[in-house]
Participant: 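Supplied in structure tokens, the structure appears directly below.
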Amino acid sequence: MKLSARLVAVAAVLVTAACAPQTSGTSSSDKDEKTGTLRVWLFQEVNNKPKEQVVDSVLAGFEKAHDGTEVTVEYIPVETRAQRIKAAFNDPKSAPDLIEYGNTDTAGYVQDGGLADVTEEFEAWDEAEDTDPTARQSVTVDGKVYGAPYFVGVRALYYRTDVFEELGLDVPKTQAELISTAQRIRAAKPEMYGIAVGGAYTYGAMPFIWAHGGELATGKGGSYASAIDSADARKGIEAYTSLFGDDNCPAAKCAGMGGNDTVTAFASGKAAMAIGGDFSHAAVEAGKVKGKYAVVPLPGVESGSIAPAFAGGNNLGVLKSTSHRTLAVDLMKRLASKEAQGKLFDGMGFLPTFSDVRRQAAAKEPFVKPFVETLAADTKFVPASPAWAQIDSSLVLPTMFQEIVSGKKDVATASKDAAEKMNEAFGSAG
């Protein structure tokens, strides 16, 4: 058995993907073959070798347990996943049996008819009972399970310990203190952002909205309505957008910044604070601030509270069109198992979706602690609606933030307009 022969290099994005017809629903295969070749699509990471090693180990055990089976793995670019997966839904004959996908894509893929309902198998899986509730929510649509959580990502507050010590500052315990602390730093060090924020950093802004009691939307299943213009949501929007200005992060420079930009600003020494993920740790360690920073949970409104964070991450799902359903489900569970997730954390730094495995990871690596605390305190997820992909890709929320910080609209008007756009998307999604 030659593991390296399984890895099929991605030479180019499918030309036909960009012009693939709209998916009208992928039919289930009436076959459940117990031998043959299984095709798997996983995401290509920046440093993919450790991930490949974990996957190869899982595949070796899988093939040993199933005589007459072979698995080919293709690592696809995250940036082109939408076209590739959409094309696979439209052409079951060339589609893989198992895919890795972003957890915000679940509802859309279910509506497209591409993912198999694996509720029964998931419920019968012994390890599933330790799955983090929010991670489980990310594979659930209308009460049915369409995959297995693969890893989770969450954000917290990075801050410069040397700057705080020099200026005699305490670590902020509320969002009001966070804002005033950022302004004090900017006043003392005008060459530096107090906290780097971005008008295009949706997942950095969400904790402010949630901490003030706001929500992105209300409802469930196929019926959602935007709540971004509620009184509580507006308080959170006001708090976040107050950080854009000459007294912290000038709108002219920061309105267009995304999450990666804010982390880069922090890592390069241009900001005293930033909201970054556990997945940002390596980039910060490689920057100028190595040895001069610490991480704490992002504070909420009340002193000592933790702001709810967006629970990002990826899932694994079996395609409805597979002719190897039983084998594909078994491989999904093996790849997403506690053992495999523990090894992925060791090799890639991906946070496990199992609560007990995550505690073990925190004990092993101190930098994980504030992220685990954030996950334990409260996390939120985007509406489980296929409309979210449209809302996200059409930049409804970034546009709202940018209109406010540029002075084009006030919070009430911008949030009302954003709510109307969101509701249009929810309505068109059915």
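For this chain, numbers begin at 1 and follow the sequence in order.
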Participant: Decide, yes or no, whether a salt bridge links Glu63 with Arg334 under the criterion of side-chain N to carboxylate O below 4.0 Å.
Facilitator: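 Answer for the salt bridge query: no.
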
Participant: Taking the six-membered ring for Trp, are Tyr159 and Phe164 ring centroids under 6.0 Å apart?
Facilitator: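 Yes, they do, as the ring centres are separated by less than 6.0 Å.
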
Participant: Under the side-chain hydrogen bond (donor to acceptor under 3.5 Å, both in side chains) criterion, do Thr322 and Asp97 qualify, and how do the steps go?
Facilitator: CA-CA 5 Å; Thr322 181; Asp97 300 274; 2.6 Å; yes

Participant: Can you tell whether the side chains of Asp32 and Lys34 come within less than 4.0 Å, N to carboxylate O?
Facilitator: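 Looking at Asp32 and Lys34, the cut-off is met.
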
Participant: Run Lys343 and Glu339 through salt bridge (Lys or Arg N to Asp or Glu O under 4.0 Å) and show every step you take.
Facilitator: CA-CA 6 Å; Lys343 291 179 179 178; Glu339 180 180 2; 3.3 Å; yes

Participant: Look at Glu74 together with Arg84 and state whether they make a salt bridge at an N to O cut-off of under 4.0 Å.
Facilitator: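 Here Glu74 pairs with Arg84 in a salt bridge, since their nearest N and O are under 4.0 Å apart.
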
Participant: Establish, from distance only, whether the side-chain atoms of Thr131 and Arg136 form a donor-acceptor pair under 3.5 Å.
Facilitator: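 No, because no side-chain N or O of Thr131 sits under 3.5 Å from a partner of the opposite role on Arg136.
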
Participant: Give a yes or no on this: more than 12 heavy atoms of other residues, nucleotides or ligands lie within 6.0 Å of atom NZ of Lys144.
Facilitator: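 Check fails, neighbour count at 12 or below.
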
Participant: I'd like to know if Lys93 and Asp91 make a salt bridge, using a cut-off of under 4.0 Å between side-chain N and carboxylate O.
Facilitator: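 Here Lys93 does not pair with Asp91 in a salt bridge, since their nearest N and O are not under 4.0 Å apart.
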
Participant: Who pairs with Glu215 by side chain to side chain donor-acceptor pair (under 3.5 Å), at least two apart in sequence or on another chain?
Facilitator: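 Side chain to side chain donor-acceptor pair (under 3.5 Å) list for Glu215, sorted by chain: Lys380.
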
Participant: Within this structure, what is the NZ-CD1 distance for the pair Lys421 and Ile391, rounded to the nearest 0.5 Å?
Facilitator: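 Output value for this atom pair is 11.5 Å.
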
Participant: Can you tell me how far the CD atom of Gln390 sits from the OG atom of Ser385, to the nearest 0.5 Å?
Facilitator: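 The OG atom of Ser385 is 9.0 Å from CD of Gln390, to the nearest 0.5 Å.
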
Participant: For the residue pair Tyr109 and Tyr101, is the inter-centroid distance of their aromatic rings smaller than 6.0 Å?
Facilitator: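 Yes, the ring of Tyr109 comes within the 6.0 Å limit of the ring of Tyr101, centre to centre.
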
Participant: Centres of the Phe345 and Phe350 rings: under 6.0 Å?
Facilitator: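 Ring-ring flag for Phe345/Phe350: false, centres at least 6.0 Å apart.
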
Participant: Any disulfide (SG to SG under 2.5 Å) pairs touching residues 254-329, not counting sequence neighbours?
Facilitator: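 Counting only pairs at least two positions apart or across chains, the disulfide (SG to SG under 2.5 Å) contacts touching residues 254-329 are Cys249-Cys254.
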
Participant: Between Glu121 and Arg325, does any side-chain N to carboxylate O distance fall below 4.0 Å?
Facilitator: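 Between Arg325 and Glu121 there is a salt bridge, with a charged N closer than 4.0 Å to a carboxylate O.
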
Participant: Measure up the Tyr293 and Phe266 rings against each other and bin them: parallel (under 30°), tilted (30 to 60°), perpendicular (over 60°).
Facilitator: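 Correct class here is perpendicular.
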
Participant: Determine the sole option in Asn103, Thr379, Thr353 for which the side chain to side chain donor-acceptor pair (under 3.5 Å) test with Thr134 is passed.
Facilitator: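 So the option named by the test is Thr379.
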
Participant: Out of curiosity, Ser323 OG to Glu33 CD, how far, rounded to the nearest 0.5 Å?
Facilitator: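 Here the rounded value is 4.5 Å.
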
Participant: Keeping the roles fixed (side chain from Glu403, backbone from Lys409), state whether a donor-acceptor pair exists under 3.5 Å.
Facilitator: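 No; judged by distance alone, with no hydrogens or angles, the pair does not exist.
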
Participant: Could you measure the distance from the CG atom of Leu335 to the CD atom of Gln341? Nearest 0.5 Å is fine.
Facilitator: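 Going from the CG atom of Leu335 to the CD atom of Gln341 covers 10.5 Å.
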
Participant: Side chains of Leu216 and Ile228, heavy atoms from C-beta outward: is any pair under 4.5 Å?
Facilitator: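 Yes, their side chains come closer than 4.5 Å.
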
Participant: Give the ring-plane orientation class for Phe367 versus His281, where under 30° counts as parallel, over 60° as perpendicular and anything between as tilted.
Facilitator: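 If you compare the ring of Phe367 with that of His281, the planes turn out parallel.
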
Participant: Report the C-alpha distance between Thr72 and Arg39 in whole Å, list the side-chain angles of each, state the deciding distance to 0.1 Å, and finish with yes or no for side-chain hydrogen bond (donor to acceptor under 3.5 Å, both in side chains).
Facilitator: CA-CA 5 Å; Thr72 62; Arg39 297 180 60 212; 4.7 Å; no

Participant: Contact between Arg81 and Asp105 at the side-chain level, heavy atoms closer than 4.5 Å - yes or no?
Facilitator: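 Yes, their side chains come closer than 4.5 Å.
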
Participant: Nearest 0.5 Å, what's the CG-CG distance between Leu298 and Leu178?
Facilitator: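 Result: 6.5 Å between the selected atoms.
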
Participant: Measuring from atom CE of Met348 to atom CD of Glu52, what distance do you get when rounded to the nearest 0.5 angstrom?
Facilitator: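 Rounded to the nearest 0.5 Å, the CE-CD separation comes to 9.5 Å.
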
Participant: Asp261: which residues meet the salt bridge (Lys or Arg N to Asp or Glu O under 4.0 Å) condition with it, sequence neighbours left out?
Facilitator: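 Testing Asp261 for salt bridge (Lys or Arg N to Asp or Glu O under 4.0 Å), a comparison that skips the adjacent residues, returns none.
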
Participant: Can you check whether Leu157 reaches Val295 side chain to side chain, under 4.5 Å on heavy atoms?
Facilitator: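 Leu157 vs Val295: side chains apart.
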
Participant: Please determine whether a side-chain nitrogen of the Lys or Arg among Asp278 and Arg155 lies less than 4.0 Å from a carboxylate oxygen of the Asp or Glu.
Facilitator: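 No salt bridge links Asp278 with Arg155.
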
Participant: Salt bridge or not between Lys416 and Glu420? Use side-chain N to carboxylate O under 4.0 Å.
Facilitator: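 Between Glu420 and Lys416 there is a salt bridge, with a charged N closer than 4.0 Å to a carboxylate O.
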
Participant: Does the plane of the ring in His66 sit parallel, tilted or perpendicular to the ring in Phe62? Use 30° and 60° as the thresholds.
Facilitator: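 It falls in the tilted class, 30° to 60°.
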
Participant: Is it true that the side chains of Asp117 and Thr119 contain a donor and an acceptor less than 3.5 Å apart?
Facilitator: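 Judged by distance alone, the side chains do pair up.
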
Participant: Between Lys290 and Glu285, is there a side-chain N and carboxylate O pair less than 4.0 Å apart?
Facilitator: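 Yes, charged N to carboxylate O under 4.0 Å.
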
Participant: Between Tyr158 (side chain) and Gly277 (backbone), is there a donor-acceptor pair under 3.5 Å?
Facilitator: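 Flag set: sc Tyr158 to bb Gly277 pair under 3.5 Å.
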
